[in-house]
Amino acid sequence: MNKRLALLAGVAAVLTMTIPAGAHHSAAMFDFEQEVRLEGTVTRFDYNTPHSWLYVNVENDDGTMTEWGIELGAPPLLRRQGISPRFWEAGDQIVLKTNPLKDGRPAGHLAGAISGDGKNFGNTEGLE
């Protein structure tokens, strides 16, 4: 009986830990009905868990710069897609499309990208 109780307690503990983890990975903040095309210069690429981030300086119509933060998947997923920690480096020119944040801040979820040196990622339709 004690083994059965310990097993049930273990299963309950695992289930209570997975529910918050699933909630953490929500993408509800992105507007997937919209795609924004951006051109700019990579400032850095943070290849981190749980999400990697690509930062790009984009020139505004008035000549000022805005740094956009673009979220990608975790490194294991990116590796399967051919993306290494040095895939994008500071100074790389890039054209990308992103699903922007719903609140209007300069950030989004990466839908596709083409680097100046021809490296592609995701859905590059309309970026050529």
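The structure presented is a predicted model; accordingly, all values stated were derived computationally and were not measured.
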Flag for N60-T66: side-chain donor and acceptor within less than 3.5 Å: yes
- line: Contacts of N99 meeting side-chain hydrogen bond (donor to acceptor under 3.5 Å, both in side chains) (sequence neighbours excluded), chain-then-number -> none
- line: Between Q34 and D31, the two heavy atoms sitting closest are NE2-OD2, 2.9 Å
task: Report yes if the side chains of F45 and P85 come closer than 4.5 Å at any heavy-atom pair, otherwise no.
output: no
task: Rounded to the nearest 0.5 Å, what's the gap from CD on E35 to NE2 on H109? Could you check?
output: 11.5 Å
task: Determine the minimum heavy-atom distance between I70 and L72, stating which atoms define it.
output: O-CD1, 3.4 Å
- request: State whether the number of non-hydrogen atoms from other residues, nucleotides or ligands found under 6.0 Å of D61 atom CG is greater than 12.
  value: no
- request: May I ask you to decide if N48's main-chain N or O and D46's side chain share a donor-acceptor pair within less than 3.5 Å?
  value: no
Pairwise side-chain contact, N57 with V42, heavy-atom cut-off 4.5 Å (strictly under): no
message: Applying ring-ring contact (aromatic ring centres under 6.0 Å, His included), can you list everything that pairs with Y55, at least two apart in sequence or on another chain?
response: none
Separation of W68 CH2 from I94 CD1 (nearest 0.5 Å): 13.5 Å
Polar side-chain atom of K119 near backbone of I83 as donor-acceptor pair, under 3.5 Å: no
- request: Take atom CZ of R105 as the centre, draw a 6.0 Å sphere, and report whether it contains more than 12 heavy atoms from other residues, nucleotides or ligands.
  value: no
message: Suppose the criterion is side chain to side chain donor-acceptor pair (under 3.5 Å): which pairs have a residue in residues 86-96, not counting sequence neighbours?
response: T41-Q93, R86-E89, W88-S115
query: Roughly how far apart are T98 OG1 and F30 CZ, rounded to 0.5 Å?
result: 7.0 Å
- request: Enter the distance from M65:CE to E59:CD here, rounded to the nearest 0.5 Å.
  value: 5.5 Å
message: Same cluster or not: L78 versus V56, using hydrophobic residues (I, L, V, M, F, W, Y) connected whenever any side-chain heavy atoms lie under 4.5 Å apart?
response: yes
- prompt: Would a distance-only check, ignoring hydrogens and angles, find a side-chain to backbone donor-acceptor pair under 3.5 Å from K97 to L127?
  reply: no
- line: CZ (R79) and CZ (F87) are apart, to the nearest 0.5 Å, by 14.5 Å
query: Linking I/L/V/M/F/W/Y whenever their side-chain heavy atoms sit closer than 4.5 Å, directly or via other members, would V36 and V58 fall into one cluster?
result: yes
message: Could you report the tightest heavy-atom contact between L96 and A113, atom names first, then the distance?
response: CB-CB, 3.9 Å
field: Single-linkage hydrophobic cluster L101~F32, side-chain heavy atoms < 4.5 angstrom
entry: yes
